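Below is one structure, written out as structure tokens; comments come after it.
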Amino acid sequence: KQGAPLTLAEGDVVETLGATVAFESAAGDRITIEPGTIVRADGVVDGVDYLFVEAGTAYGAVSQGTAVGATAGWASAPEGESAKVFVEIPADRPGSEASFRSLGGRAWIRYHDYSIWLPEQHSVTLAVDPDQPAVLGFRTSQQNAADIEVVKRAGRGEIIAYVPKATVGRIRPEGDDRTRIENDIT
């Protein structure tokens with residue numbers, strides 16, 4: 001219905017064709033889905049409503065009860081906070097790459113053992129190979145004013161990497177007890 005939020009059941013797939021539509025999560029967060037976008041409702045798990053973007057662009061408000069994502073990760077807000085996020089899947093890399101931007105508030109992106117923290121008005125593009133979930137590629141925006149934080153659970157602790165603007169790199173395992181962090185220079 002024109003102007004009404006899109007209601008999706010778990011497993012529903014929607015292609016917007018030429019329309020702009022809005023999805024309202026179980027938490028009451030509203031996500032705008034751009035024309036030419038394909039999304040899938042992954043349902044509510046542990047109190048979080050998941051909207052998967054297969055191709056195209058989606059943006060809007062998220063809380064800890066709503067996650068918008070793709071193969072490269074899920075964006076939501078820290079507990080007790082809200083954020084406005086932008087998620088875009090490149091047409092030529094839908095199963096391996098996604099760009100995330102925090103338009104308002106802090107956002108975090110989860111991908112397997114990784115958490116990527118985005119300050120407000122910061123963005124990152126994540127590249128992944130679903131067959132190698134321990135490897136994470138990243139590219140930060142030239143427009144970022146500060147570092148983004150990438151946290152990887154490892155062994156009995158965490159590895160924390162602060163990634164400056166305009167940086168291309170990756171984090172990957174190297175043997176059983178080592179992790180390699182690389183950028184485009186070293």
Side-chain angles (χ1 to χ4, degrees), residues 29 31 42 45-46 48 50-54 57-90 92-186:
D29 298 321
I31 308 297
D42 280 357
V45 179
D46 296 329
V48 180
Y50 291 90
L51 182 68
F52 186 87
V53 183
E54 292 182 10
T57 304
Y59 60 89
V62 293
S63 63
Q64 68 190 43
T66 304
V68 179
T71 303
W74 293 96
S76 60
E79 187 174 343
E81 297 181 31
S82 64
K84 291 181 182 173
V85 297
F86 177 89
V87 179
E88 182 176 34
I89 313 309
D92 59 340
R93 294 180 295 284
S96 63
E97 192 172 292
S99 293
F100 298 89
R101 181 165 182 80
S102 172
L103 301 171
R106 295 182 317 139
W108 70 302
I109 304 150
R110 290 166 294 140
Y111 177 75
H112 293 278
D113 287 339
Y114 293 94
S115 297
I116 298 90
W117 291 91
L118 291 179
E120 185 172 9
Q121 296 295 319
H122 283 64
S123 59
V124 65
T125 298
L126 301 177
V128 299
D129 177 348
D131 294 331
Q132 297 182 18
V135 179
L136 178 72
F138 52 85
R139 182 174 65 246
T140 57
S141 172
Q142 223 175 337
Q143 306 306 316
N144 289 356
D147 297 344
I148 66 163
E149 184 177 318
V150 179
V151 180
K152 181 184 187 311
R153 289 189 312 272
R156 294 182 298 254
E158 297 176 328
I159 296 170
I160 302 173
Y162 296 94
V163 183
K165 69 180 184 176
T167 300
V168 176
R170 72 210 50 73
I171 300 174
R172 61 183 173 86
E174 191 171 80
D176 290 337
D177 60 350
R178 296 181 70 185
T179 299
R180 184 174 183 87
I181 303 172
E182 306 169 320
N183 65 24
D184 51 356
I185 299 170
T186 59

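Note that this is a predicted model, so its numbers are computed, not measured.
- Checked against side-chain contact (heavy atoms from CB on, under 4.5 Å), A98 has the following partners two or more places apart in sequence or in another chain: A70, A72, I89, F100.
- In terms of the side-chain hydrogen bond (donor to acceptor under 3.5 Å, both in side chains) criterion, residue partners of E81 (sequence neighbours excluded) are, by chain and number, R106.
- For the pair A58 and V53, the tightest heavy-atom approach, listed with the atom from each and the gap, is CB-CG2, 3.9 Å.
- Listed for the D29 side chain is a donor-acceptor partner under 3.5 Å among the backbone atoms of S63.
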Could you pull out all donor-acceptor pairs under 3.5 Å where a side-chain atom in residues 125-137 meets a protein atom, sequence neighbours excluded?
unit_1: T125; atom_1: OG1; unit_2: S99; atom_2: OG; d: 2.8
unit_1: D129; atom_1: OD1; unit_2: D131; atom_2: N; d: 3.0

When the side chains of residues 156-168 are checked against the rest of the protein, which donor-acceptor pairs come out under 3.5 Å, sequence neighbours left out?
unit_1: T167; atom_1: OG1; unit_2: P164; atom_2: O; d: 3.0
unit_1: T167; atom_1: OG1; unit_2: K165; atom_2: O; d: 3.2

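- Distance check, rounded to the nearest 0.5 Å: CD1 of I109 to CH2 of W117 gives 10.5 Å.
- Looking at heavy atoms from C-beta onward, V85 lies out of side-chain contact with Y59 at the 4.5 angstrom threshold.
- In terms of the side-chain hydrogen bond (donor to acceptor under 3.5 Å, both in side chains) criterion, residue partners of E54 (sequence neighbours excluded) are, by chain and number, R40.
- Screening residues 141-155 for side-chain hydrogen bond (donor to acceptor under 3.5 Å, both in side chains), with sequence neighbours left out, gives D113-R153.
- Under the rule for a salt bridge (charged side-chain N to carboxylate O under 4.0 Å, His left out), the partners of R172 that lie at least two apart in sequence or sit in another chain are E182.
- Contact record, A77 with V62: CB-O, 3.6 Å, taken as the closest heavy-atom pair.
- Remark: Y111 pairs with no residue by the side-chain hydrogen bond (donor to acceptor under 3.5 Å, both in side chains) rule, at least two apart or across chains.
- Every ring pair (Phe, Tyr, Trp, His ring centres under 6.0 Å) that Y50 has, sequence neighbours left out, goes to W74.
- Using a distance-only test at 3.5 Å, with no hydrogens or angles considered, no donor-acceptor pair links the side chain of H122 to the main chain of S102.
- A67 and R110 make their closest contact through CB-NH2, 3.9 Å (heavy atoms, listed as atom of the first residue, atom of the second, distance).
- With sequence neighbours left out, T140 forms a side-chain hydrogen bond (donor to acceptor under 3.5 Å, both in side chains) with no residue at all.
- In this structure, the side chains of L118 and W108 stay at 4.5 Å or more apart for every pair of heavy atoms.
- Looking at I148, I171, I116 one by one, the single match for side-chain contact (heavy atoms from CB on, under 4.5 Å) with F138 turns out to be I171.
- Qualifying salt bridge (charged side-chain N to carboxylate O under 4.0 Å, His left out) partners for E97, counting only residues two or more places apart in sequence or in other chains: R93, R139.
- Dense packing is recorded around CD of E174, with more than 12 heavy atoms of other residues, nucleotides or ligands lying under 6.0 Å away.
- Closest heavy-atom contact between T71 and G95: CG2-O, 3.0 Å.
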